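These figures come from a predicted structure and were not determined experimentally.
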Amino acid sequence: MKKKLLIRDLTLRDGQQSLFATRMTQAQVDSVLPLFKEANFYAMEVWGGAVPDSIMRFLNENPWERLEKIKTAIGDSSKLTALSRGRNLFGYNPYPEEVIEGFNRNAIQSGIDIMRIFDALNDVSNMKSTIDIVKKNGGIADCTVCYTVDPKFTPKQKIKALLHLKTLPHDIFTIDYFVGKAKELEAMGADMISVKDMAGLIPPNQSGELIARLKKEIKIPIDFHTHCTPGYGLAAALMAIINGVDIIDTSIMNFAGGPAAHAFEIIQLFADKLGLDTGVNLEVVVKINKELKAIRHEMADYDSYKIFPTEFNICRDELPKEVDKMFDMAIAFAKANKEDDLLQQTQSIERFFNFPAPDEMVKNAEIPGGMYTNMLSQLKQLKLDQLLPRVLELVPMVRVAAGCPPLVTPTSQIVGVQAVNCVIDENKGLPPYTTKSIQFVNLVKGNYGKTPLPIDPEFRMKVAGVKEEIPYNTANYKKQENTVFPEYGDLVLAENEKDELLLELFPSVARDFLKKKVVEKYLNDIYAIEEEKRRKIEEEKASYAALSPEEKEMRLNYGLYHY
């Protein structure tokens with residue numbers, strides 16, 4: 001019997017979010033669900049991340065309804081997965097227990113089987129309550145270790161950095177660090193561990209070493225998740241497979257590559273050569289990929305690459321001999337831990353399939369692609385994009401000063417925005433940290449949890465006005481107001497718990513979305529009342545017409561009809 005390699009498909013969440021700004025409509029999702037039901041993926045990531053916010057904000061669609069419709073269509077053929085940020089859920093501040101409990105309970109009741117839980121600081125205490133709630137409600141707690149790298153300084157940057165910092169830290173995010181976090185999560189009750197490399201920064205040899213250690217020291221299943229932006233993704237995934245990973249995350253070909261994950265079809269070709277059984281129905285995947293190409297054309301306005309992969313039918317097409325040899329050589333180099341040769345082969349394979357080339361700027365900066373584009377966008381709005389190189393110089397210094405948080409949502413955005421603020425201050429002749437975002441102040445204060453490195457008390461005093469770390473106090477949390485609309489028949493903004501949760505998690509976006517629902521319901525109610533009146537009048541007219549002249553006269557005399 002072949003050894004199994006389970007596949008978690010990311011197409012309908014991470015795939016569309018990474019490549020097309022999460023713009024798939026419900027109709028587009030619905031069109032591929034019957035096929036996905038037959039595909040037999042171990043799991044499908046379909047919810048969480050940017051999905052709830054984006055579909056309310058841009059598509060005027062209900063996130064809970066999307067999840068429930070997917071569950072109805074997929075049934076139990078694949079486990080449905082969502083992504084959330086532990087105590088922060090989707091926001092920038094921790095939430096009280098009742099919100100965490102309500103969200104996770106409703107997500108599981110609406111169809112989620114696996115809740116992938118992560119924390120932007122890898123502070124496992126921020127994940128504890130979510131783990132307990134998910135398990136209590138019958139869900140699978142998929143606990144994430146966020147992969148990141150140490151701050152990178154050039155010799156010139158080191159000299160400048162030492163003017164601002166007492167020491168330059170190193171060897172923070174080691175294999176021991178990540179394995180230690182996984183062990184803590186296993187002890188907390190995790191059902192599985194995911195290595196989440198959101199920026200695609202893990203090089204193949206480190207991927208292989210980390211998975212090997214986890215398989216040796218952790219008893220629960222291990223999942224590997226990465227992206228292709230800097231060019232490591234496919235090689236890192238292959239090394240994870242070679243070293244015994246249980247589950248690998250992929251996207252179907254037309255929603256893969258570049259900022260997204262590697263293509264399922266390429267992983268399947270490697271699995272075939274390695275004698276691994278994914279259990280996936282390949283005939284159905286070919287059909288899904290064809291549908292995804294049409295959907296991608298429909299989303300052209302949000303497709304920043306517009307580079308379509310080579311047409312390839314994994315059930316029918318044979319690889320050219322020289323490309324087939326690349327697969328064999330990649331496997332040989334992976335087994336021999338020859339990282340450079342492995343990368344050369346996997347990147348050649350991706351070129352053959354016409355996936356976007358590695359982003360050298362992101363690779364060299366060692367930051368997530370989204371963080372890079374956000375910083376550039378911020379500078380362009382101010383017509384200061386020529387200052388980007390200086391911003392990139394300051395990112396590691398800002399990050400170290402803030403306790404060296406992993407660069408994942410929301411900390412990547414917080415550090416990136418603050419680096420831009422520091423350069424703007426510098427450009428105005430002001431001291432650094434004159435301009436501070438409230439999120440950066442809260443990060444330094446301790447609101448988000450414990451950072452990997454302790455923050456200098458003097459720096460905390462300078463930025464946040466306190467020397468000691470101050471955790472976020474959920475006792476000060478104020479619940480969102482559930483507005484009553486007298487002008488719309490006293491309808492309320494949130495009419496049930498799911499609406500209330502949307503309001504708590506996405507206050508401004510959900511308020512606009514729910515207000516539209518209120519207006520729509522009010523107008524529909526008025527229309528229904530008017531229709532009922534019209535129907536009764538028509539019925540009375542019909543019954544009156546059927547009467548004899550004598551009966552009509554009698555009824556008119558008694559005022560029973562007015563026609």
Problem set entry | Residues Ser508 and Arg511: side-chain donor-acceptor under 3.5 angstrom | no
Exercise. Should the ring pair Trp64 and Phe103 be called parallel, tilted or perpendicular, given that the plane angle runs from 0 to 90° and is split at 30 and 60?
Worked result: tilted
Exercise. Looking only at heavy atoms, which two atoms of Glu339 and Pro203 are closest? And how far apart?
Worked result: OE2-CB, 3.4 Å
Exercise. If you take all heavy atoms of Thr11 and Ile252, which pair is closest and at what distance?
Worked result: OG1-N, 3.1 Å
For this session: Could you pull out all residues at least two apart from Lys515 that satisfy salt bridge (Lys or Arg N to Asp or Glu O under 4.0 Å)?
Result: none
For this session: Please round to the nearest 0.5 Å and tell me the distance separating atom CD1 of Ile266 and atom CG of Leu319.
Result: 9.5 Å
Exercise. Does atom NZ of Lys380 have more than 12 heavy-atom neighbours, drawn from other residues, nucleotides or ligands, at distances under 6.0 Å?
Worked result: no
Exercise. Between Pro410 and Ala120, which heavy-atom pair has the shortest distance, and what is it?
Worked result: CD-CB, 3.6 Å
Problem set entry | Candidate pair Thr310 and Asn354, rule side chain to side chain donor-acceptor pair (under 3.5 Å), full reasoning | CA-CA 6 Å; Thr310 303; Asn354 200 39; 5.2 Å; no
For this session: Apply the test side chain to side chain contact (heavy atoms under 4.5 Å, CB included) to residues Ile140 and Val134: give CA-CA distance (whole Å), side-chain angles for both, the deciding distance (0.1 Å), then the verdict.
Result: CA-CA 7 Å; Ile140 296 170; Val134 166; 5.8 Å; no
Problem set entry | Shortest non-hydrogen contact between Pro230 and Val362, atoms and distance | CG-CG1, 4.4 Å
Problem set entry | Within 6.0 angstrom of Glu497 CD, more than 12 heavy atoms from elsewhere | yes
Problem set entry | Check against salt bridge (Lys or Arg N to Asp or Glu O under 4.0 Å), Asp123 and Arg87 | CA-CA 10 Å; Asp123 182 349; Arg87 288 184 68 200; over 6 Å; no
For this session: Please confirm whether the backbone N or O of Asn122 pairs with a side-chain atom of Lys181, one donor and one acceptor, at under 3.5 Å?
Result: yes
Exercise. Looking just at side-chain N and O atoms, do Asn289 and Asn254 make a donor-acceptor pair shorter than 3.5 Å?
Worked result: yes
Problem set entry | salt bridge (Lys or Arg N to Asp or Glu O under 4.0 Å) against Lys136, all qualifying residues, sequence neighbours excluded | none
Exercise. Would you say the side-chain atoms of Lys4 pair up with the backbone N or O of Gly279, donor to acceptor, closer than 3.5 Å?
Worked result: no
Exercise. Should we say atom CD of Glu217 is surrounded by more than 12 heavy atoms from elsewhere, each under 6.0 Å from it?
Worked result: yes
For this session: Could you walk me through whether Ser110 and Lys498 pass side chain to side chain donor-acceptor pair (under 3.5 Å), step by step?
Result: CA-CA 10 Å; Ser110 292; Lys498 288 178 179 175; 3.0 Å; yes
Exercise. Where do Phe308 and His297 land on the ring pair (Phe, Tyr, Trp, His ring centres under 6.0 Å) test, with the steps shown first?
Worked result: CA-CA 10 Å; Phe308 283 77; His297 278 297; 4.6 Å; yes
For this session: Decide if atom NZ of Lys335 counts as having more than 12 heavy atoms of other residues, nucleotides or ligands within a radius under 6.0 Å.
Result: no
For this session: Kindly indicate, with the supporting measurements, whether the criterion ring pair (Phe, Tyr, Trp, His ring centres under 6.0 Å) is fulfilled by Tyr147 and Phe173.
Result: CA-CA 8 Å; Tyr147 180 83; Phe173 300 110; 8.4 Å; no
Exercise. Does the distance from a Lys or Arg side-chain N to an Asp or Glu carboxylate O, for Glu61 and Arg66, drop under 4.0 Å?
Worked result: yes
Exercise. Does CE belonging to Met188 count more than 12 external heavy atoms closer than 6.0 Å?
Worked result: yes
Exercise. Donor-acceptor pair, Ser194 side chain versus Cys143 backbone, under 3.5 Å?
Worked result: no
Exercise. Run the side chain to side chain contact (heavy atoms under 4.5 Å, CB included) check on Arg8 and Asp142 step by step: do they pass?
Worked result: CA-CA 12 Å; Arg8 183 185 326 226; Asp142 173 13; 2.8 Å; yes
For this session: Dump the intermediate steps for side chain to side chain contact (heavy atoms under 4.5 Å, CB included) on Thr278 and Leu6, then the final yes or no.
Result: CA-CA 5 Å; Thr278 64; Leu6 300 179; over 6 Å; no
For this session: Give every residue pair that meets the salt bridge (Lys or Arg N to Asp or Glu O under 4.0 Å) criterion with at least one member in residues 42-56, sequence neighbours excluded.
Result: Arg13-Glu45, Glu45-Arg116, Asp53-Arg57
Exercise. If you count the non-hydrogen atoms of other residues, nucleotides and ligands that lie under 6.0 Å from NZ in Lys338, is the total more than 12?
Worked result: no
For this session: Ignoring hydrogens and angles, tell me if any N or O in the side chain of Ser207 forms a donor-acceptor pair with the backbone of Ala236 under 3.5 Å.
Result: yes
Exercise. Any side-chain donor-acceptor pair under 3.5 Å between Asp272 and Gln268?
Worked result: yes
Exercise. Is there a donor in the side chain of Asp30 and an acceptor in the side chain of Gln26, or the other way round, less than 3.5 Å apart?
Worked result: yes
Exercise. Any side-chain heavy atom of Val417 within less than 4.5 Å of one from Met375?
Worked result: no
Problem set entry | Least distance between heavy atoms, Pro221 atom then Asp246 atom | CA-OD2, 3.4 Å
Problem set entry | Pi-cation contact, Phe58 with Arg23 (under 6.0 Å, within 45°) | yes
For this session: Would you name the heavy atoms of Ile220 and Asp191 that are closest together and state the gap between them?
Result: CB-O, 3.5 Å
Problem set entry | Which residues share a side chain to side chain contact (heavy atoms under 4.5 Å, CB included) with Thr22, sequence neighbours left out | Gln16, Gln17, Ala50, Val51, Ser54
Exercise. Under 3.5 Å, side chain of Ser412 to main-chain N/O of Leu407, donor-acceptor pair present?
Worked result: no
Problem set entry | For Asp76, all residues meeting salt bridge (Lys or Arg N to Asp or Glu O under 4.0 Å), sequence neighbours excluded | Lys71
For this session: Using the side chain to side chain contact (heavy atoms under 4.5 Å, CB included) rule, take Asn88 and Tyr95 through it: C-alpha gap first, then chi angles, then the decisive distance, then the call.
Result: CA-CA 6 Å; Asn88 286 1; Tyr95 284 92; 5.6 Å; no
For this session: Give the ring-plane orientation class for Phe353 versus Phe355, where under 30° counts as parallel, over 60° as perpendicular and anything between as tilted.
Result: tilted
Problem set entry | Pairwise distance CG(Asp132) to CE(Met127) - rounded to 0.5 angstrom | 11.5 Å
For this session: Tell me, please, which residues at least two apart from Phe506 pass ring pair (Phe, Tyr, Trp, His ring centres under 6.0 Å).
Result: Phe90
Exercise. For residues Gln109 and Asn137, is any side-chain donor paired with an opposing acceptor at under 3.5 Å?
Worked result: no
Exercise. Under 3.5 Å, side chain of Asp9 to main-chain N/O of Ser251, donor-acceptor pair present?
Worked result: no
Problem set entry | Greater than 12 external heavy atoms within 6.0 Å of Glu318's CD | no
For this session: Tell me whether the centres of the aromatic rings in Phe264 and Phe41 are closer together than 6.0 Å.
Result: yes
Exercise. Salt bridge check: are Lys517 and Asp499 linked by an N-O gap of less than 4.0 Å?
Worked result: yes
For this session: Could you walk me through whether Asp303 and Arg296 pass salt bridge (Lys or Arg N to Asp or Glu O under 4.0 Å), step by step?
Result: CA-CA 8 Å; Asp303 186 347; Arg296 184 168 178 176; 2.7 Å; yes
For this session: To the nearest 0.5 Å, tell me how far His225 NE2 sits from Leu10 CG.
Result: 6.0 Å
Exercise. Would you call Glu495 and Lys521 a salt bridge, using N to O less than 4.0 angstrom?
Worked result: no
